[in-house]
Trainee: 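Here's a structure for you.
Just the heavy atoms: all of them, side chains too, but no hydrogens, waters or symmetry mates, feed the values below. In each ligand, atom 1 is the first atom listed, and ligand 1 is the first ligand listed.
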Amino acid sequence: MNVEKLVVIGQGYVGLPLAVRAVEAGLDVVGLDVDADRVKRLATGESFVEDVTAARLGRALATGRYHPTTEYVDAEGFDICVITVPTPLRDGTPDLSFVEQAGAGIGPYVRRGTTVVLESTTYPGTTDELLRPLLESASGLRSPGDFHLGYSPERIDPGNPTWRLENTPKVVSGLDEAALHRVDGFYRRLVEQTVPVDSTRVAELTKLIENTFRQVNIALINELTVLSHQLDIDVWQAIEAADTKPFGFMSFRPGPGVGGHCLPIDPCYLSWQVRRKLGRQFRFIELANDINHAMPEHVAHRVMTGLNRGGRSISDARVLLLGLAYKKNTGDLRDSPAVDVARQLRLLGAQVYAVEPYAEPHHLPDGVQVVPLTEAEVRRADAVVVVTDHDAFDYDMVARHARYVFDTRSRCQVGPTVELL
Ligand SMILES: NC(=O)c1ccc[n+]([C@@H]2O[C@H](COP(=O)([O-])OP(=O)(O)OC[C@H]3O[C@@H](n4cnc5c(N)ncnc54)[C@H](O)[C@@H]3O)[C@@H](O)[C@H]2O)c1
């Protein structure tokens, strides 16, 4: 297949790496985004996604084959379009308005033989039941038949240097055999391995299985951690010991909760659909959500108790949080449990300071002052809380100089002043 013009709708964490990879593979790429500021910055070579360095973006722009734009009219004459817009929850209900807007925007440019792929995470049935009718009515064409439509879940893991877009197997699907063939052929140009499945619904469910599996297992370990603390057993050592079993066990680690655009949201797409279509609860998901949501409050209370033990009240205590991002080595604060930990500590009366080298200043939470990680800041704090375990932090220095460390990630050497979650 000879796809020449690609349109990627949404130039965020998913869309930008895809667009740049496609330029590297020789395609002519339109990077479409409604955020004019983002597009302007991309056009000048400024990347806000860790996985795409400014140098790499600069090389893509220098080919003359990467065109960031806010205008749908620039999609004119496209061969393939990939939709990577957000799919958030609104009051616990899937909000597909961005997918609808993207479908309505690209629909008029769909021609006979073109291919459209949805990558946004969503409930099974979205491609067929929501996107297909939109594209059909906007284009006056039909799929299957006139144009090809498919779904391919994104597996991007921001900040992971080992597993990148090109070496992570990519699940691909189409509404029919012809669409699958097109979608598969396109991604084979970008990634080392594709995994074709029989239907768009299977591909949509694949993504939800992956994230639900993680969300449920993290919740299991988090609940075990809370209970083990009360039983006075070192859960971290038990997990490490269990992890020596060469089969039948997969290690998940405790933490201050789950965050980002995936784990707190994607499983809810599945439980929402099960409720809507079957009138039943997806109990594992609901339970896991409850447990993970309660973790920031648990962390704040453990910090309060730790301060009390040292004869210090949390009221007006100076608490230094290490990391605010939901995930290490990234600056992504979306739904970060660290932000909730900060809020809970402030509710208890603490003055909250944070070290967050990666986040953009305008994304930082209210009432939290950002400071650099220095010996003086560590000494000044009544408590230091390791929330996001960025590799750049000097944990030895922190453990040496802090009066009290509450470590939710087990990064500091355990000692008399260090307490683990
Ligand atoms: N970030 C991840 O690690 C990750 C991993 C796997 C899957 N996903 C899924 O991929 C999808 C995109 O996530 P993301 O993290 O890239 O989001 P993002 O917010 O980083 O980027 C989405 C971009 O889409 C733009 N946009 C919104 N509506 C638009 C429209 N109608 N036309 C053009 N552009 C529009 C936004 O301005 C934004 O720049 C979501 O469904 C998410 O669940 C994300």
Side-chain angles (χ1 to χ4, degrees), residues 7-21 30-42 46-52 67-75 78 81-90 94-109 116-123 126-127 130-131 134-135 138 151-160 163-165 168 170-171 203-204 206-212 214-215 258-270 325-336 360 363:
V7 178
V8 181
I9 305 184
Q11 290 295 276
Y13 286 90
V14 171
L16 182 60
L18 179 74
V20 170
R21 176 77 194 119
V30 171
L32 224 167
D33 202 297
V34 287
D35 184 335
D37 181 53
R38 193 165 266 198
V39 167
K40 209 162 92 193
R41 286 163 62 193
L42 286 173
E46 193 188 330
S47 171
F48 42 86
V49 172
E50 297 85 9
D51 298 339
V52 176
H67 318 279
T69 178
T70 55
E71 301 296 330
Y72 271 88
V73 68
D74 292 331
F78 80 89
C81 168
V82 181
I83 300 174
T84 68
V85 295
T87 44
L89 283 174
R90 216 143 316 272
D95 174 4
L96 289 167
S97 60
F98 298 102
V99 174
E100 287 168 357
Q101 285 157 20
I106 198 68
Y109 302 99
V116 178
V117 188
L118 180 63
E119 279 208 13
S120 302
T121 305
T122 185
Y123 57 80
T126 306
T127 308
L130 183 128
L131 188 56
L134 261 174
L135 296 175
Y151 182 84
S152 177
E154 186 42 59
R155 281 174 164 168
I156 217 144
D157 186 16
N160 187 332
W163 295 107
R164 303 174 310 280
L165 172 63
T168 305
K170 190 108 174 75
V171 174
E204 288 159 336
T206 303
K207 174 73 188 179
L208 298 182
I209 292 177
E210 291 167 10
N211 281 349
T212 301
R214 273 181 57 69
Q215 179 235 25
V258 296
H261 202 167
C262 292
L263 291 194
I265 295 168
D266 301 350
C268 299
Y269 267 68
L270 193 52
Y326 85 90
K327 185 171 188 216
K328 74 172 183 170
N329 304 337
T330 80
D332 193 345
L333 260 65
R334 290 179 298 181
D335 283 305
S336 174
E360 295 175 4
H363 284 147

Trainee: Would you mind checking which non-hydrogen protein atom is closest to atom 41 (O) of ligand 1, with the distance to 0.1 Å?
Mentor: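 Sorting protein heavy atoms by distance from atom 41 (O) of ligand 1 puts T87 OG1, 2.6 Å first.
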
Trainee: Among all protein heavy atoms, pick the one closest to atom 11 (C) of ligand 1 and tell me residue, atom and distance.
Mentor: V85 O, 3.4 Å

Trainee: Can you check whether Y13 has an N/O within less than 3.5 Å of an N/O in ligand 1?
Mentor: yes

Trainee: Could you tell me which atoms of ligand 1, counted from 1 in the order shown, lie closer than 4.0 angstrom to a heavy atom of G10?
Mentor: 23 (C), 24 (O), 25 (C), 34 (N)

Trainee: Please answer whether the main-chain N or O of N160 pairs with a side-chain N or O of D157 as donor and acceptor at a distance below 3.5 Å.
Mentor: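 Checked: no pair found.
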
Trainee: Atoms of ligand 1 less than 4.0 Å from D35 heavy atoms?
Mentor: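 It comes down to these atoms of ligand 1: 37 (O).
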
Trainee: What is the closest protein heavy atom to atom 22 (C) of ligand 1, and at what distance does it sit?
Mentor: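 Among all protein heavy atoms, the one nearest atom 22 (C) of ligand 1 is P86 CD, 3.6 Å.
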
Trainee: Heavy atom under 4.0 Å from ligand 1: found in F48's side chain, backbone, both, or neither?
Mentor: neither

Trainee: Counting only heavy atoms closer than 4.0 Å, does ligand 1 sit against the backbone of P153, its side chain, both, or neither?
Mentor: neither

Trainee: Could you pull out the closest heavy-atom pair between T121 and Y269, with the gap in Å?
Mentor: O-CE2, 4.3 Å

Trainee: Taking only heavy atoms of S120, which atoms of ligand 1 are found under 4.0 Å from at least one of them?
Mentor: 11 (C), 41 (O)

Trainee: Could you tell me which atoms of ligand 1, counted from 1 in the order shown, lie closer than 4.0 angstrom to a heavy atom of A102?
Mentor: 31 (N)

Trainee: Suppose we measure from atom 28 (N) of ligand 1 to each protein heavy atom; which comes out shortest, and what is that distance?
Mentor: F98 CD2, 3.4 Å

Trainee: Do me a favour and list the nearest non-hydrogen protein atom to atom 16 (O) of ligand 1 with residue, atom name and distance?
Mentor: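 Scanning the protein heavy atoms, the shortest distance from atom 16 (O) of ligand 1 goes to V14 N, 2.9 Å.
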
Trainee: Between atom CG of D51 and atom OH of Y13, what is the distance when rounded to the nearest 0.5 Å?
Mentor: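 D51 CG to Y13 OH: 9.5 Å, rounded to 0.5 Å.
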
Trainee: Give the numbers and elements of all ligand 1 atoms closer than 4.0 Å to a heavy atom of P158.
Mentor: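 Answer for ligand 1: 3 (O).
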
Trainee: Can you check side-chain contact (heavy atoms from CB on, under 4.5 Å) on Y151 and T126, steps first, answer last?
Mentor: CA-CA 9 Å; Y151 182 84; T126 306; over 6 Å; no

Trainee: At their closest point, which heavy atom of A19 faces which heavy atom of Q11, and how far apart are they?
Mentor: CB-OE1, 3.6 Å

Trainee: How close do L208 and T212 get, heavy atom to heavy atom, and via which atoms?
Mentor: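 Between these two residues, the closest heavy atoms are O-OG1, 2.6 Å.
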
Trainee: If I take atom CZ from residue R155 and atom CG from residue L165, how far apart are they, to the nearest 0.5 angstrom?
Mentor: 11.5 Å

Trainee: With heavy atoms of T84 as the reference, note each atom of ligand 1 found under 4.0 Å away.
Mentor: 12 (C), 22 (C)

Trainee: Starting from atom 9 (C) of ligand 1, what is the nearest protein heavy atom, named by residue and atom, and what distance separates them?
Mentor: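 Protein heavy atom with the smallest distance to atom 9 (C) of ligand 1: T121 OG1, 3.4 Å.
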
Trainee: Enumerate the atoms of ligand 1 whose separation from the nearest heavy atom of R38 is less than 4.0 angstrom.
Mentor: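 Numbered from 1, ligand 1 contributes 20 (O), 21 (O), 38 (C), 39 (O).
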
Trainee: Is it the case that the side chain of K327 and the backbone of P158 share a donor-acceptor pair, with hydrogens and angles ignored and the cut-off at 3.5 Å?
Mentor: yes

Trainee: Considering only protein heavy atoms, which is closest to atom 38 (C) of ligand 1, and at what distance to one decimal place?
Mentor: D33 OD2, 3.4 Å

Trainee: Give, for atom CZ of R334 and atom SG of C262, the distance between the pair rounded to the nearest 0.5 Å.
Mentor: 7.5 Å

Trainee: For atom 2 (C) of ligand 1, which protein heavy atom lies nearest, and how many Å away is it?
Mentor: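 The closest heavy atom on the protein side is I156 CG2, 3.8 Å.
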
Trainee: When you measure from the side chain of E154 to the backbone N and O of I156, does any donor-acceptor pair fall under 3.5 Å?
Mentor: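 Here the side-chain-to-backbone pair exists.
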
Trainee: Below the 3.5 angstrom mark, is there an N/O of E154, backbone or side chain, next to an N/O of ligand 1?
Mentor: no

Trainee: With S152 as reference, evaluate E204, E119, K170 under the side-chain hydrogen bond (donor to acceptor under 3.5 Å, both in side chains) test and give the passing residue.
Mentor: K170

Trainee: Can you list the ligand 1 atoms lying under 4.0 Å from a non-hydrogen atom of R334?
Mentor: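 Going through ligand 1 atom by atom, the ones under 4.0 Å from R334 are 1 (N), 15 (O), 17 (O), 18 (P), 19 (O), 20 (O).
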
Trainee: Indicate the atoms forming the closest heavy-atom contact of T84 with G15, along with that distance.
Mentor: OG1-CA, 3.3 Å

